[in-house]
There are 2 protein chains.
Amino acid sequence: MRHDHRVILDETDRRILAELQADGRQPWAELGRRVAMSASAVVERVRRLEEAGVVRGYRAVVDPAAVGLGVRALVRLKYPTGNYKPFHDLVARTPFVLEAHHVTGEDCFVLTVLARDMRHLEQLTGRLATLGSITTSVVYSSPVEGRPVPGDDETPGG
Amino acid sequence: MRHDHRVILDETDRRILAELQADGRQPWAELGRRVAMSASAVVERVRRLEEAGVVRGYRAVVDPAAVGLGVRALVRLKYPTGNYKPFHDLVARTPFVLEAHHVTGEDCFVLTVLARDMRHLEQLTGRLATLGSITTSVVYSSPVEGRPVPGDDETPGG
DNA sequence: GCTGAAATCGCAGGGGT
DNA sequence: ACCCCTGCGATTTCAGC
């Protein structure tokens, strides 16, 4: 659970990470079978990966549309000041903001937002617009989503 | 595992989803304790949530920086034509593209990209730039990340 | 990293409200 | 529709090697 320092992974570690990103709930015994190790050995490796901060946890993947949040949007925010307090306060009490990234470029922040419908999105963006100038892009579809973090040596023809 | 049609969730379902998004690997017995139900009852509910497409799976959360991918960027792509084949082909064989969203606005696509370092990012964006005009924003930090999908009635003072 | 034994869990079947 | 209990096989865990 400590630092973010680089960790050296061998081939088995990478296979374990790929497996756990594909199915985070499979039994250790099953995972052991897939990477050709005993259950106890695989558990020890996973424990070390967690300890090293490589594996940060396990999460169920929930489909927003299935729970009534059918609209997804990316909101870019041009934030005028260096006082980030109002920004943090607003996103902290707005659970529909799934992500907020501080980025280079003209737009200081990029947010990923979920909304029930366009009316709800209008309301959410209205609140965000009190912080600064925003640009909203509504997501039509996501051709790529939920890809696993690749192993650090992966370079498949490109 | 069926359609994306709306599903009606009660309070218990929402608590289950919150728990499984916080720790997707906890034993059903433990989850039952937390929502005050027997293990078998909680398993039955989770099975139904999976069946309905609300829970799409379980994934380990891997820290990209810990495996040597210390750079994250958002790449906006102004795609000139309606022929999406070259785009899909390129992202399909580029595992460092974690997400690709088709969005409204001037930029047709927004991609989330991981890279080992700036040199690697330069290489990746160079490839993407063959498809169309791009705008790259490098992520400094992510004040909000990995938030759970909120219950559909959540409106906490905001 | 492997084995082996005890505790725990997962999974079906059956039944109650 | 929803929930609980029981039984058995599989899994987890922790010891020692």
Side-chain angles (χ1 to χ4, degrees), chain A residues 1-2 5-63 65-68 148 151-153, chain B residues 1-62 66-67 148-154:
Chain A
M1 236 222 259
R2 275 276 71 83
H5 291 279
R6 259 308 286 291
V7 174
I8 298 167
L9 305 176
D10 64 14
E11 186 52 33
T12 305
D13 288 324
R14 278 190 282 270
R15 288 173 63 192
I16 288 174
L17 291 179
E19 285 291 342
L20 287 179
Q21 287 182 95
D23 179 4
R25 228 192 133 91
Q26 64 186 294
W28 304 131
E30 172 68 20
L31 178 57
R33 260 169 247 132
R34 297 192 188 186
V35 302
M37 282 201 313
S38 72
S40 53
V42 101
V43 167
E44 174 63 13
R45 278 193 184 246
V46 171
R47 199 197 58 73
R48 283 192 21 252
L49 289 169
E50 292 171 350
E51 188 77 18
V54 177
V55 173
R56 297 201 99 79
Y58 304 87
R59 297 172 55 91
V61 180
V62 172
D63 179 3
V67 299
D152 64 348
D153 60 347
Chain B
M1 236 222 251
R2 277 274 75 79
H3 337 251
D4 293 309
H5 291 279
R6 259 308 287 294
V7 175
I8 297 167
L9 305 175
D10 63 14
E11 186 54 30
T12 304
D13 289 324
R14 279 188 281 271
R15 288 171 64 192
I16 288 174
L17 290 179
E19 286 292 340
L20 287 180
Q21 286 182 97
D23 180 2
R25 229 190 133 91
Q26 62 187 297
W28 304 130
E30 172 67 19
L31 178 56
R33 257 169 248 133
R34 298 193 187 183
V35 302
M37 282 200 313
S38 73
S40 48
V42 100
V43 168
E44 174 65 12
R45 276 186 183 254
V46 171
R47 199 197 57 75
R48 283 198 351 267
L49 290 169
E50 292 170 349
E51 188 76 18
V54 175
V55 173
R56 296 200 98 77
Y58 305 87
R59 296 171 56 91
V61 180
V62 172
V67 299
V149 173
D152 63 349
D153 60 345
E154 213 150 341

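Chain letters run A, B, ... following the sequence lines, proteins first, then strands; residues in each count from 1.
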Visitor: To the nearest Å, how far apart are W28(A) CH2 and dG1(C) P?
Guide: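 Distance, rounded to whole Å: 15 Å.
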Visitor: Distance check needed: dC11(C) C1' versus R45(B) CZ, whole Å only.
Guide: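 In whole Å, dC11(C) C1' lies 19 Å from R45(B) CZ.
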Visitor: How many whole angstroms separate atom CZ of R33(A) from atom C1' of dT12(D)?
Guide: 13 Å
Visitor: Distance-only, no hydrogens or angles: does the E19(B) side chain make a donor-acceptor pair with backbone N or O of G32(B) under 3.5 Å?
Guide: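 No, E19(B) side chain to G32(B) backbone: no donor-acceptor pair under 3.5 Å.
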Visitor: Using a 4.0 Å heavy-atom cut-off across all strands, classify R47(A) as base, sugar-phosphate, or nothing.
Guide: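 The answer is nothing, as R47(A) stays clear of every strand by at least 4.0 Å.
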Visitor: Measure CZ/R25(B) against C1'/dC9(C) and give the value in whole Å, please.
Guide: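 Going from R25(B) (CZ) to dC9(C) (C1'), I get 12 Å.
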Visitor: Figure out the CD/C1' separation between Q26(A) and dC11(C), and round it to whole Å.
Guide: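 After rounding, the reported distance stands at 18 Å.
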Visitor: Within the side chain of R15(A), is there an N or O that forms a donor-acceptor pair under 3.5 Å with the backbone of R34(A)?
Guide: yes
Visitor: Would you state whether a donor and an acceptor, one from the side chain of S38(B) and one from the base of dC3(D), lie under 3.5 Å apart?
Guide: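 Counting by modelled atom types and ignoring angles, no donor-acceptor contact under 3.5 Å is found here.
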Visitor: Could you tell me whether the phosphate oxygens of dA1(D), OP1 or OP2, come under 4.0 Å of any side-chain nitrogen or oxygen in R48(B)?
Guide: no
Visitor: Using atom CZ of R34(A) as one end and atom C1' of dT11(D) as the other, report the distance to the nearest whole Å.
Guide: 15 Å
Visitor: In whole angstrom, what separates M37(A)'s CE from dT3(C)'s P?
Guide: 13 Å
Visitor: Looking only at heavy atoms, what is the nearest atom pair of G53(A) and A66(B), with distance?
Guide: O-CB, 4.0 Å
Visitor: Which nucleotide sits closest to the side chain of S40(A): dC14(D), dC4(D), dG10(C)?
Guide: dC14(D)
Visitor: For the residue pair Q21(B) and Y58(A), confirm or rule out a side-chain donor-acceptor distance under 3.5 Å.
Guide: no
Visitor: Let me know the distance between CD of E30(B) and C1' of dG10(C), rounded to the nearest Å.
Guide: 15 Å
